[in-house]
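Worksheet: the structure to be examined is printed underneath.
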Amino acid sequence: MARELIIEVLSEALSRAKEAGDLPEHVDPPIELQTPRDPRHGDIATSLALVLASEAGGAGRQIGEKLVSHLDLPQGVIEKIEVAGPGFINFTFSPEYLRGIVREIAAGPAEYGRTNEGEGKTLLLEFVSANPTGPVAVVQGRAGPLGDALAKLLERTGWKVSREYYVNDATNSTQVRRFAETLEARYLQQLGRGASVPEDGYQGDYVVEMAEDLVKAEGDRYLDTPEEERLSAFHDYSLKKIVDGHQRDMTAFGVEFDNWFFESSLHASGEVEAAIEVLKERGYTYEKDGAVWLKATDLGDEQDQVLVRNDGRPSYLAGDIAYHRNKFERGFDRLIDIWGPDHHGHVRRMKAGVQALGYDPSRFEILLHQIVRLFRGSEMVRMSKRAGDIVQLSSLLEDVGADAARFFFLMQSMESHLDFDLELAKKQANENPVYYVQYAHARISSILREAQERGAAVPSIDSVDFSRLEHPDELSLIRKLAEFPDEVAEAASRHEPHRMTRYSRELAAAFHLFYTNCRVLGDDGDLTAARLTLVGATQAVLRSVLDIIGVSAPETM
RNA sequence: GCGCCCGUAGCUCAGUUGGAUAGAGCGGCUGCCUUCUAAGCAGCGGGUCGCAGGUUCGAAUCCUGCCGGGCGUGCCA
């Protein structure tokens, strides 16, 4: 790859400059490259000379000139090297090198942009994991495309990724019991019995609907069942309904999981007790007020945390610690969780828990995404399961479609609040940026269809005269294609999938410009062949990007 | 109170680990379809990068202090 080559060559030039006495021996800054935003500054630039100037003294430009005089670049990659501004060294790719990229993509469209940074190491990515006390809300749904796109990015950079959804269904947890009690109250109300939803129960209409279904399916047979038995039956009933719904929502959103992990299995297998036992043995627990506590303050948390309540039930944290112990025990090299903003306070104690278990905390990362604020026009919609005014992910998908929703969710960095205007998203569906990108793909498909009909389909690589690609808009399209591998690597290593939506728009823009100014199908057979190959390469990269984002690549629009 | 996130064009947001003249989309105005899809392209207009200091060759980016918005701070999950 060109970047690695340039870094190597610069590093050699640096050594030679030192040998020649042009630079002092002791300076050894890291060599960093950047892509200038102004095309006149070339394709790749480095501020190495500026850094050297501040470390060793002297003028940036002079040091730049000296470095360049020691540069020994192989033929064919770089057309022009220039020292500019305060001392930047700018490299401009040669057309031959750029044309080689088109050849490379055409030769292996599916492999282009794949790297092996992960070296086949295994990684468990847990995301969404909405509580089984109601449908998936929009906020929680935000993690779907984030996790899915991140998984694809990591896979393309050599990681072996498993995707997992955690279901907090522990029967002895407070929220699960509260939900069953709410359903019970709604059930009794359906059958004309006096009953009221508990103080801290779930006010949402979806529980009423669930009670209606329950009456339809089971009639009044639970009216006189003993309380505990009834609650247990209602829990089983609602859990299945709700988890089925979560699975449907994820499928509708194009997000697939390798595994749905149930917290209840940890309690049943004794793993929760076992995890607490490990913490005790390692000296990270104590008893106070009848409860067992984790010494989280020893590990960076602000306060200690309860592991076992004074009534003997393990806390949510205890279950989650057991869960993460289970993840490590399954042999994953690394763990990544994506959590919603409401779990923010849980991060420190969870990391403390993992450390207390004795695992290397650097193998465990928690990514937090921020809230989604929904608007209807200018009015903000409140979202709280308990308050009942919940905007479900499924209704958003029905409203704006999965493609638009995914693109919108991935347009912003995850740590940024996301304002989503339902009316606007629906009304302006045709102006959504997702269509801009998809339209580029549809145009490409159209060209390739037309070419086929004219008997001029994409030619075999060896017969193509790539030197015919010389138009500035052709070359800038190729430049954009050339950035793809680095974009993927950056987005993956920095866990920033939103970079891909930005790249997709830039690539689409480069293509639309090319399309406007360069006619593909014409009388000049060699030119047509070269351009068809370029169009095919663009389609391949566009498909890869859309695959990562999880947005469809339509043949027609 | 404490902790985290955010504050960049009228609106919604990018900004490549500190670089060169701060960008995109939407909205506004003006051009471009007998030729592969005009859901496109080109142009115009739009900015005290929340405020004030500091660090240095260089700050939207790093540090400190303020101001504003959001979230968290349960023996809930």
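As a basis for the values below, the full set of heavy atoms in this structure was taken, side chains included, without hydrogen atoms, waters or symmetry mates. So that the names make sense, note that chain A is the first sequence line, chain B the second, and so on, each numbered from 1. Worth saying up front: this structure is predicted, and the values here are computed from it rather than measured.
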Consider the side chain of [X], meaning its heavy atoms from C-beta on, and name the nucleotide among [options] that approaches it most closely.
{"X": "A/Thr516", "options": "B/G40, B/A39, B/C36", "answer": "B/G40"}
{"X": "A/Pro36", "options": "B/A20, B/G70, B/A77", "answer": "B/A20"}
{"X": "A/Ala84", "options": "B/A20, B/A77, B/G25", "answer": "B/A20"}

So, do A/His41 and B/A20 meet the stacking rule of ring centres under 5.5 Å and planes under 30°?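 Stacked: centres under 5.5 Å apart, planes under 30°.
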Within the stacking criterion (centroid distance below 5.5 Å, interplanar angle below 30°), does A/Phe88 stack on B/G19?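 The ring of A/Phe88 is not stacked on B/G19.
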Exercise. Among all residues two or more places apart in sequence or in another chain, which pass the side-chain contact (heavy atoms from CB on, under 4.5 Å) test with A/Gln34?
Worked result: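 Testing A/Gln34 for side-chain contact (heavy atoms from CB on, under 4.5 Å), a comparison that skips the adjacent residues, returns A/Ala45, A/Ser47, A/Phe88.
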Once side-chain contact (heavy atoms from CB on, under 4.5 Å) is applied, do any residues pair with A/Gln355, and if so which ones, sequence neighbours excluded?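 Testing A/Gln355 for side-chain contact (heavy atoms from CB on, under 4.5 Å), a comparison that skips the adjacent residues, returns A/Leu299, A/Pro361.
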Decide whether A/Glu164 and A/Tyr323 meet the rule of one side-chain donor and one side-chain acceptor closer than 3.5 Å.
yes
Distance-only side-chain donor-acceptor flag, A/Asp337 / A/His343, under 3.5 Å =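 Note: A/Asp337 and A/His343 side chains miss the donor-acceptor criterion.
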Check your understanding: Can you list every salt bridge (Lys or Arg N to Asp or Glu O under 4.0 Å) pair that touches residues 434-446 of chain A, not counting sequence neighbours?
Key ->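 Qualifying pairs: none.
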Identify, with sequence neighbours excluded, every residue that meets salt bridge (Lys or Arg N to Asp or Glu O under 4.0 Å) alongside [X].
{"X": "A/Lys241", "value": "none"}
{"X": "A/Glu117", "value": "none"}
{"X": "A/Asp320", "value": "none"}

Indicate whether OP1 or OP2 belonging to B/U12 is found under 4.0 Å from a side-chain N or O atom of A/Ser416.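 A/Ser416 to B/U12 OP1/OP2: no side-chain N or O under 4.0 Å.
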For B/A39, does OP1 or OP2 lie under 4.0 Å from any side-chain N or O of A/Arg443?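 No, A/Arg443 has no side-chain N/O under 4.0 Å of OP1/OP2 on B/A39.
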Q) Would you call the rings of A/Trp260 and A/Tyr165 parallel, tilted or perpendicular, where under 30° means parallel and over 60° means perpendicular? A)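 Parallel, since the angle between the ring planes stays under 30°.
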Under the rule syn = chi within 90° of 0, otherwise anti, which is B/C33?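 Syn conformation for B/C33.
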Practice task
Name the orientation of the base relative to the sugar in B/U55: syn if the glycosidic angle is within 90° of 0, else anti.
Solution key: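 With its glycosidic angle more than 90° from zero, B/U55 counts as anti.
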Per-residue pairing states of RNA chain B in dot-bracket (Watson-Crick or G-U under 3.5 Å; . unpaired, | other strand) read (((((((..((((.....[...)))).(((((.......))))).....(((((..]....))))))))))))....
[N] base to [X] side chain: any donor-acceptor pair below 3.5 Å?
{"X": "A/Arg494", "N": "B/U16", "value": "no"}
{"X": "A/Asn90", "N": "B/A20", "value": "yes"}
{"X": "A/His344", "N": "B/G3", "value": "yes"}

Practice item. Please name all residues satisfying ring pair (Phe, Tyr, Trp, His ring centres under 6.0 Å) with A/Phe262, sequence neighbours left out, ordered by chain then number. Key: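 Per chain and number, A/Phe262 pairs via ring pair (Phe, Tyr, Trp, His ring centres under 6.0 Å) with no residue.
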Residues passing the ring pair (Phe, Tyr, Trp, His ring centres under 6.0 Å) test with A/His512, sequence neighbours excluded, are A/Tyr436, A/Tyr439
Sorted by number, residues from residues 495-509 of chain A placing a heavy atom under 4.0 Å from RNA chain B are A/His498, A/Arg502, A/Arg505
Contact check, residues 43-50 of chain A vs RNA chain B, heavy-atom distance under 4.0 Å, returns A/Ala45, A/Ser47, A/Leu50
Which donor-acceptor pairs under 3.5 Å do the side chains of residues 409-418 of chain A make with protein atoms, sequence neighbours left out?
none

